Amino acid sequence: MAYTICFLTAFAVLLFFLVYGLMHVSSTDSYFNCNRQLGWFEFGNSFAAASTSLATVLFFFVTLGLTNGLYILFSPLSFLLGTWLFGRFMLPRLKEQHYSVSNDGSRTLGSTLGEYIKTRYRSQLVKYTVMIITLLGILAIMLIELFVGVQIFDIFLKPEYGEYALYFIAAVAFIYTGLGGLNAVVQTDKWQFRFMMLTAFLLIIFMYYTYGNPIASDRYFPPIWGAHGVLSQNWALYANMVFVNILLIPSLLRNWQLIAATKSEKEIKRGFQNGVILTAAISLLFVIFGLLFFTVFSDAPKSMNGILTIMAESSNPVMSNVLFPMLFAACLMALLSTVDSSLLPVIQCLANDIFPKPQKMQKKVLYATYMIATLILTVFLYRVVFKWLNFDIISWLFTIFSLVTISSPAILLACFGKDSILRTRTMQLSTVICTILGLFIALAISICGNNISGGANLTIIQLNTPIAIIVSSFFLGITYFIVKRRQRNSIRL
């Protein structure tokens with residue numbers, strides 16, 4: 001009975017998204033930016049839904065909470081710090097340097113990261129380098145979501161049919177996103193997040209009402225210091241969080257798309273704040289639920305699959321027939337909200353930055369072509385990463401963090417550097433070389449750590465982003481000051 005209800009729930013969710021996309025086919029003009037009329041509330045809900053991914057919040061945070069307690073919420077709190085720094089220092093600079101005029105005559109920020117990089121560096125090579133690496137990061141995000149999505153379908157399907165679930169999920173997400181554009185993504189994200197939040201509240205209420213509070217206080221706040229302290233055992237994890245969450249805001253293409261679609265700078269700041277606070281709130285709820293669940297069901301496998309299996313087979317009818325389908329649907333929504341929010345910026349990047357100004361194809365046909373090509377590439381990379389290179393979910397998750405942030409030094413330099421320095425040939429070539437160097441360092445550390453057995457491998461992988469960012473930024477900064485000194489000396493002469 002529970003499995004039937006869950007299948008019908010999943011089918012209804014997918015059908016709703018597909019119909020919504022068909023009903024909201026946007027014009028080409030508003031396809032990517034919603035006519036630049038996005039408000040802070042929609043911004044925040046879409047940002048939070050996209051950030052509440054199946055791989056991180058509903059899988060990674062739930063299991064990490066068992067060893068880190070509520071200290072794992074350091075991740076969304078550092079994300080909040082990154083948002084504040086972006087709004088306080090970077091957003092005013094972006095407003096000065098790069099804006100577009102919306103339909104009502106008001107000024108809004110530029111439309112794509114690629115346009116901004118090209119404007120600041122005056123270099124196609126720098127633009128293509130940053131955008132291609134950023135695209136790899138977005139594809140990596142979609143891979144991890146689909147990988148975890150296949151796993152949650154394992155409770156229904158035989159292992160040999162798992163990839164069919166992957167293709168089905170990917171196709172549905174690609175179809176409704178391609179049909180509806182940013183408007184469909186934002187509107188579905190809003191309802192997805194509300195449902196995920198409702199599910200988390202009901203799960204916690206049910207656990208407390210049925211089982212009381214079985215968690216000892218030291219499970220919420222385990223010791224920080226000492227041989228078995230949280231920081232002593234997981235220092236590399238928290239170092240990774242600091243680097244990733246502070247640099248993530250300016251490097252994600254979906255953020256640039258939301259910024260371009262939003263009415264004003266004030267709405268952007270408020271939208272980011274609202275989105276990060278909602279992300280922290282839902283992360284807190286699912287971490288508490290994970291602590292409650294695994295304290296009561298201590299023998300259950302420590303994964304989302306373990307939770308779903310126990311709930312599906314429970315003799316309690318509320319858990320098996322109500323909460324289990326709701327949690328499964330919430331997992332599906334978390335997957336879809338992350339995939340669609342990653343997919344549309346990919347199509348925008350391909351259409352506007354990588355292959356601009358198509359001559360012989362209508363834009364909607366071109367977008368559909370890019371959509372299909374991205375779907376095929378995503379499935380191919382899925383097999384490369386998880387079948388041939390044998391990455392597991394945790395190793396690949398930290399590899400993703402490095403891929404999506406490695407271009408941040410080049411982006412920050414574009415924001416705060418002087419025009420006369422950025423546009424020199426030396427600085428342009430250095431930006432390309434340092435960004436590619438950071439990418440290779442991050443990938444090399446990830447592959448090396450993935451091939452080492454034992455507990456040390458995860459620590460090595462978690463350090464990939466900090467090391468790659470530090471090395472890349474160091475050489476980029478050295479080049480910048482060398483060029484600056486040369487220009488100063490030439491002026492004196």
Side-chain angles (χ1 to χ4, degrees), residues 40-41 43-88 141 144-145 148 189-190 192-194 196-201 203-204 220-222 224 230-231 234-252 254-255 258 268-292 304 330-331 333-335 337-338 341-342 394 397-398 400-402 404-405 408 462 465-466:
W40 69 268
F41 183 78
F43 186 117
N45 277 264
S46 182
F47 181 90
S51 301
T52 309
S53 76
L54 176 59
T56 52
V57 174
L58 273 72
F59 181 91
F60 194 49
F61 281 8
V62 166
T63 54
L64 274 181
L66 300 178
T67 54
N68 291 265
L70 297 185
Y71 294 126
I72 196 61
L73 296 177
F74 176 78
S75 179
L77 290 177
S78 59
F79 202 19
L80 182 61
L81 173 62
T83 305
W84 180 82
L85 291 172
F86 178 84
R88 177 66 177 82
I141 292 174
I144 195 71
E145 290 297 298
V148 181
D189 280 350
K190 179 173 65 177
Q192 286 166 346
F193 184 80
R194 291 175 180 177
M196 288 187 286
M197 185 70 83
L198 174 63
T199 300
F201 269 118
L203 287 170
I204 291 176
Y220 285 115
F221 298 100
I224 300 179
V230 169
L231 284 181
N234 300 293
W235 61 272
L237 169 65
Y238 288 90
N240 185 283
M241 288 179 182
V242 171
F243 276 84
V244 169
N245 290 327
I246 289 179
L247 298 175
L248 197 58
I249 295 294
S251 62
L252 276 180
R254 76 168 186 236
N255 293 339
L258 288 174
I268 293 169
K269 287 183 178 180
R270 194 174 179 185
F272 269 130
Q273 293 169 358
N274 181 47
V276 175
I277 290 172
L278 290 176
T279 303
I282 199 168
S283 299
L284 172 63
L285 293 176
F286 275 108
V287 168
I288 292 176
F289 166 67
L291 286 170
L292 287 168
M304 185 53 65
C331 289
M333 290 180 180
L335 184 154
S337 64
T338 304
S341 298
S342 301
I394 302 300
L397 195 59
F398 285 104
I400 291 171
F401 296 154
S402 63
V404 296
T405 56
S408 294
Q462 289 169 345
T465 300

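Along the sequence shown, residues carry numbers from 1. Because only heavy atoms are used, hydrogens play no part in the values below, and waters and symmetry mates are left out as well, while side chains stay in. Please read all numbers here as calculations on a predicted model, not as lab measurements.
- In this structure Ile277 satisfies the side chain to side chain contact (heavy atoms under 4.5 Å, CB included) test with no other residue, sequence neighbours excluded.
- Atoms CE and CD, from Met241 and Gln462 in turn, are 8.5 Å apart once rounded to the nearest 0.5 Å.
- Atom CE of Met196 and atom CZ of Phe201 lie 13.5 Å apart (nearest 0.5 Å).
- For Phe41, there are no ring pair (Phe, Tyr, Trp, His ring centres under 6.0 Å) partners two or more places apart in sequence or in a different chain.
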* Decide yes or no on side-chain contact (heavy atoms from CB on, under 4.5 Å) for Phe401 and Leu248, but give the supporting numbers first. => CA-CA 8 Å; Phe401 296 154; Leu248 197 58; over 6 Å; no

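- Side-chain atoms of Ser402 do not come within 3.5 Å of backbone N or O of Thr465 as any donor-acceptor pair.
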Got a list of side-chain donor-acceptor pairs under 3.5 Å for residues 80-88, not counting sequence neighbours?
unit_1	atom_1	unit_2	atom_2	d
Thr83	OG1	Phe79	O	2.9

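- Separation of atoms CD1 (Ile282) and CZ (Phe193) is listed at 4.5 Å; rounding is to 0.5 Å.
- Annotation: side chain to side chain donor-acceptor pair (under 3.5 Å) contacts of Ser46 (sequence neighbours excluded): Asp189.
- Within the 4.5 Å cutoff, the side chain of Asn255 has no heavy atoms near those of the Pro250 side chain.
- With sequence neighbours excluded, the residues satisfying side chain to side chain donor-acceptor pair (under 3.5 Å) with Asn245 are Ser75, Ser78.
- Here the shortest heavy-atom pairing between Leu278 and Ala48 reads CB-CB, 3.7 Å.
- Partners of Lys269 by salt bridge (Lys or Arg N to Asp or Glu O under 4.0 Å), not counting sequence neighbours, listed by chain and number: Glu265.
- Note: Phe43 and Phe47 have parallel aromatic rings, judged against thresholds of 30 and 60 degrees for the angle between ring planes.
- Listed by chain and number, the residues in a side chain to side chain contact (heavy atoms under 4.5 Å, CB included) with Ser408 are Leu247, Ser251, Thr405 (sequence neighbours excluded).
- Between Ile204 atom CD1 and Leu292 atom CG the span is 7.0 Å, to the nearest 0.5 Å.
- Legend: residues meeting side chain to side chain contact (heavy atoms under 4.5 Å, CB included) with Ala280, ordered by chain and number and at least two apart, are Pro76.
- Of all heavy-atom pairs between Ser283 and Thr279, the closest is OG-O, 2.7 Å.
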* To do: Evaluate the criterion side-chain contact (heavy atoms from CB on, under 4.5 Å) for residue pair Trp40 and Asn274; output intermediate values, then yes/no.
  => CA-CA 8 Å; Trp40 69 268; Asn274 181 47; 3.8 Å; yes

